[in-house]
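Read the numbers this way: they start at 1 and go in the same order the structure lists the ligands and their atoms.
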Amino acid sequence: GVGPTGCPVSARAAEFDPFEDGYQQDPPEYVRWAREQEPIFYSPRLGYWVVTRYEAIKAIFRDNITFSPSIALEKITPTGPEANAVLEQYGYAMNRTLVNEDEPAHMPRRRILMEPFTPEHLKHHEPMVRRLAREYVDRFIDDGRADLVDQMLWEVPLTVALHFLGVPEEDMDTLRRYSIAHTVNTWGRPRPEEQVAVAHAVGNFWQYAGKVLEKMRQAPDQPGWMRYGIRKQKEHPDVVTDSYLHSMMMAGIVAAHETTANATANAIKLLLQHPDAWREICEDPGLIPSAVEECLRHNGSVAAWRRLVTRDTRIEGMDVPAGSKLLIVTSSANHDERHFADADFFDIRRENASDHLTFGYGSHQCMGKNLARMEMQIFLQELTRRLPHMRLADQRFTYVPNTSFRGPEHLWVEWDPAQNPERRNA
Ligand code: HEM
């Protein structure tokens with residue numbers, strides 16, 4: 001193959017395909033060769049430059065002018081005319097939110113909307129998260145077997161996301177279908193015959209988001225981040241625009257929900273694959289916050305992110321022209337030996353685990369990171385306390401093929417209910 005600058009592309013670069021099972025199963029392992037030998041390469045299949053080392057990726061995040069986030073949510077596989085017509089029919093007009101907004105628009109909006117994410121405000125959500133976690137565990141604790149994704153980890157972060165945003169709780173099953181479609185629509189490679197069905201789901205999701213927003217405008221003093229935005233719009237209509245609010249009403253659900261559901265499923269899988277670590281957090285729950293950080297580093301739920309190069313530049317000694325698209329493989333950065341000693345080793349006491357790039361870095365770094373951490377910690381507190389004897393069932397893990405959002409579709413665990421601590425203590 002030949003790259004955009006006319007240079008030949010190495011055989012491995014030519015083969016790189018993030019929709020393949022190899023990438024889905026273990027992204028940092030799949031690009032190990034690149035991290036070691038070819039830290040930036042052009043992928044002719046994807047049309048992106050792929051960056052795999054920690055320092056380079058951090059530098060890219062740090063400079064959001066040269067490396068614009070505008071393509072962060074762009075469809076990685078452009079849809080055909082039929083799917084586009086369907087989207088149009090729903091009036092689909094997803095626009096910039098925060099994560100893909102350029103300066104100078106981004107920073108003032110981020111500042112105005114930040115307060116609900118501060119620890120002081122997040123504290124108010126903690127009892128709700130714990131109550132939900134307990135209710136869901138109650139439902140399966142006597143069964144001896146559960147798919148934690150289907151029976152807990154998908155729905156609880158969705159409900160938490162809806163509460164945080166201030167959305168009414170109804171229509172959850174519909175939303176679940178819509179948000180999956182949104183992931184495939186944005187980060188996946190749907191076959192032509194799937195594209196139309198995906199477009200209908202995305203169109204419905206968009207219209208639903210609009211209706212919910214209208215409902216919220218009727219009662220703007222109620223709680224939730226979206227109504228906070230609606231109130232701020234009155235003071236700063238040019239910063240918190242209608243287009244922003246409608247787009248965030250849809251994108252915010254996905255941002256808060258799937259990332260956290262996947263991160264927790266990845267974390268529990270990883271901990272149960274390392275029974276010593278699991279036993280340690282069962283015996284000393286004080287280790288849970290650092291275990292969560294190491295799980296986010298070792299096996300986070302965002303595998304890669306995107307940036308658009310706005311001026312000719314150099315990355316890892318390579319000339320990269322303006323207009324190039326970058327796939328920055330944050331999961332690979334998190335396994336870079338240059339930053340993390342013995343990087344593949346899973347160590348819940350690792351001192352620099354929180355240097356991971358799973359939440360991004362710099363001016364766009366995830367605003368919801370502390371909400372996500374709180375949820376993950378509470379889920380682990382509840383599960384280690386009530387099901388310390390749980391283990392992974394035999395299974396093959398499957399992933400929705402896409403470049404960025406990553407977590408097992410199912411996570412089967414099993415245990416002997418006769419050994420449940422709350423029975424033994426009864
Ligand atoms: C941005 C990951 C949970 C809201 C981001 C970015 C990543 C990310 C990679 C882009 C960062 C960058 O460009 O530097 C994650 C992961 C999560 C998670 C892995 C869970 C484990 C949440 C939650 C919310 C949220 C619970 C709550 C609403 C946001 C927002 C932004 C963002 C609003 C845009 C910030 C900006 O551009 O200024 N997140 N996220 N995220 N995330 Fe999260």
Side-chain angles (χ1 to χ4, degrees), residues 57-64 67-73 96-103 105-118 121-122 125 129 153 156-167 187 224-226 228-229 239-240 244-245 247-267 292-293 295-308 326-331 333-334 354 356-380 403-407:
I57 290 179
K58 203 164 183 174
I60 289 166
F61 274 128
R62 205 178 274 129
D63 180 357
N64 66 334
F67 305 105
S68 156
S70 56
I71 60 166
L73 305 182
R96 308 288 181 93
T97 50
L98 283 162
V99 76
N100 55 356
E101 183 64 279
D102 281 311
E103 304 306 340
H106 162 260
M107 254 313 168
R109 189 180 295 158
R110 178 174 165 112
R111 277 198 205 99
I112 286 174
L113 298 172
M114 189 54 116
E115 196 177 75
F117 290 98
T118 54
H121 284 79
L122 290 179
H125 297 287
V129 177
L153 301 179
V156 178
L158 175 57
T159 309
V160 173
L162 294 171
H163 275 286
F164 179 78
L165 296 169
V167 175
W187 287 277
W225 189 47
M226 289 312 303
Y228 185 84
V239 181
V240 184
Y244 160 77
L245 284 172
S247 299
M248 186 54 100
M249 189 61 246
M250 177 166 158
I253 295 172
V254 180
H257 168 216
E258 283 188 48
T259 49
T260 311
N262 283 330
T264 315
N266 288 336
V292 162
E293 231 40 50
C295 289
L296 285 165
R297 179 194 74 86
H298 197 283
N299 197 14
S301 53
V302 170
W305 210 242
R306 288 184 276 165
R307 288 291 189 258
L308 176 69
L326 306 179
L327 184 73
I328 47 180
V329 188
T330 44
S331 54
N334 291 345
S354 64
H356 68 73
L357 300 178
T358 303
F359 290 125
Y361 181 76
S363 54
H364 286 270
Q365 195 186 40
C366 180
M367 287 164 80
K369 63 183 181 178
N370 290 325
L371 176 58
R373 285 173 169 140
M374 177 174 85
E375 288 188 58
M376 294 176 72
Q377 290 172 17
I378 289 175
F379 299 155
L380 283 177
T403 53
S404 297
F405 282 8
R406 188 173 168 280

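Among all non-hydrogen protein atoms, the one lying nearest atom 3 (C) of ligand 1 is T259 OG1, 3.3 Å. Protein heavy atom at the shortest distance from atom 31 (C) of ligand 1 is M367 N, 4.0 Å. Ranking the protein heavy atoms by distance from atom 4 (C) of ligand 1 puts G368 N, 3.7 Å first. Atom 19 (C) of ligand 1 has S301 OG, 3.5 Å as its closest protein atom, hydrogens excluded (heavy atom only). Distance from atom 23 (C) of ligand 1 to its nearest protein heavy atom, with residue and atom name: A256 CA, 3.5 Å. Protein heavy atom nearest atom 6 (C) of ligand 1, with residue, atom name and distance: F359 O, 4.1 Å.
Under a 4.0 Å criterion applied to the non-hydrogen atoms of G360, ligand 1 contributes the atoms 9 (C), 11 (C), 12 (C), 14 (O). Of all the atoms in ligand 1, the ones that sit under 4.0 Å from a non-hydrogen atom of T358 are 2 (C), 9 (C), 19 (C). Within ligand 1, the atoms closer than 4.0 Å to a non-hydrogen atom of T260 are 3 (C), 20 (C), 26 (C), numbered from 1 in the order shown. For ligand 1, the atoms closer than 4.0 angstrom to any heavy atom of F61 are 12 (C), 13 (O), 14 (O). Those atoms of ligand 1 that come under 4.0 Å of a heavy atom in A263, given as number and element, are 21 (C). Residue-ligand proximity, F117 to ligand 1, at heavy-atom distances under 4.0 Å covers atoms 27 (C), 28 (C).
Looking only at side-chain heavy atoms (C-beta outward), F67 and L308 stay at 4.5 Å or farther from each other. Contact of the F164 side chain with the L122 side chain is registered, since non-hydrogen atoms from C-beta on lie closer than 4.5 Å. Inter-residue side-chain proximity for R406 and N262 is flagged as unmet; no heavy-atom pair is nearer than 4.5 Å. Residues L245 and M226 meet the side-chain proximity criterion, which asks for heavy atoms closer than 4.5 Å. In this structure, the side chains of L371 and V160 come closer than 4.5 Å at one or more pairs of heavy atoms. No side-chain heavy atom of R306 sits less than 4.5 Å from a side-chain heavy atom of I328.
Checked against a 6.0 Å centroid threshold, the rings of W225 and F117 count as neighbours. Residues Y361 and H364 place their aromatic rings such that the two centres sit no closer than 6.0 Å.
Remark: E293 engages R373 in a salt bridge, criterion side-chain N to carboxylate O under 4.0 Å.
Below 3.5 Å of separation, one finds an N or O of R307 facing an N or O of ligand 1. Here's the thing with L98: one of its N/O atoms is less than 3.5 angstrom from an N/O atom of ligand 1. For ligand 1, the polar-atom distance check finds an N/O of H106 within less than 3.5 Å of one of the ligand's N/O atoms. Considering backbone and side-chain atoms alike, Y361 places an N or O below 3.5 Å from some N or O of ligand 1. Considering backbone and side-chain atoms together, W225 places no N or O closer than 3.5 Å to any N or O of ligand 1.
No side-chain donor-acceptor contact under 3.5 Å links S301 and N266. N100 and S70 form no side-chain donor-acceptor contact under 3.5 Å, judged by distance and modelled atom types alone. Under the 3.5 Å distance criterion, with hydrogens and angles disregarded, no donor-acceptor pair is assigned to the side chains of H163 and H125.
The parts of H364 lying near ligand 1 are both backbone and side chain, judged by heavy-atom distances below 4.0 Å.
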* Can you check side-chain contact (heavy atoms from CB on, under 4.5 Å) on R297 and T358, steps first, answer last? -> CA-CA 7 Å; R297 179 194 74 86; T358 303; 5.8 Å; no

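Among C366, G407, A372, the residue whose heavy atom lies closest to atom 8 (C) of ligand 1 is C366.
Using a 4.0 Å cutoff on heavy atoms, G362 does not count as a contact of ligand 1. At least one heavy atom of A255 sits closer than 4.0 Å to an atom of ligand 1.
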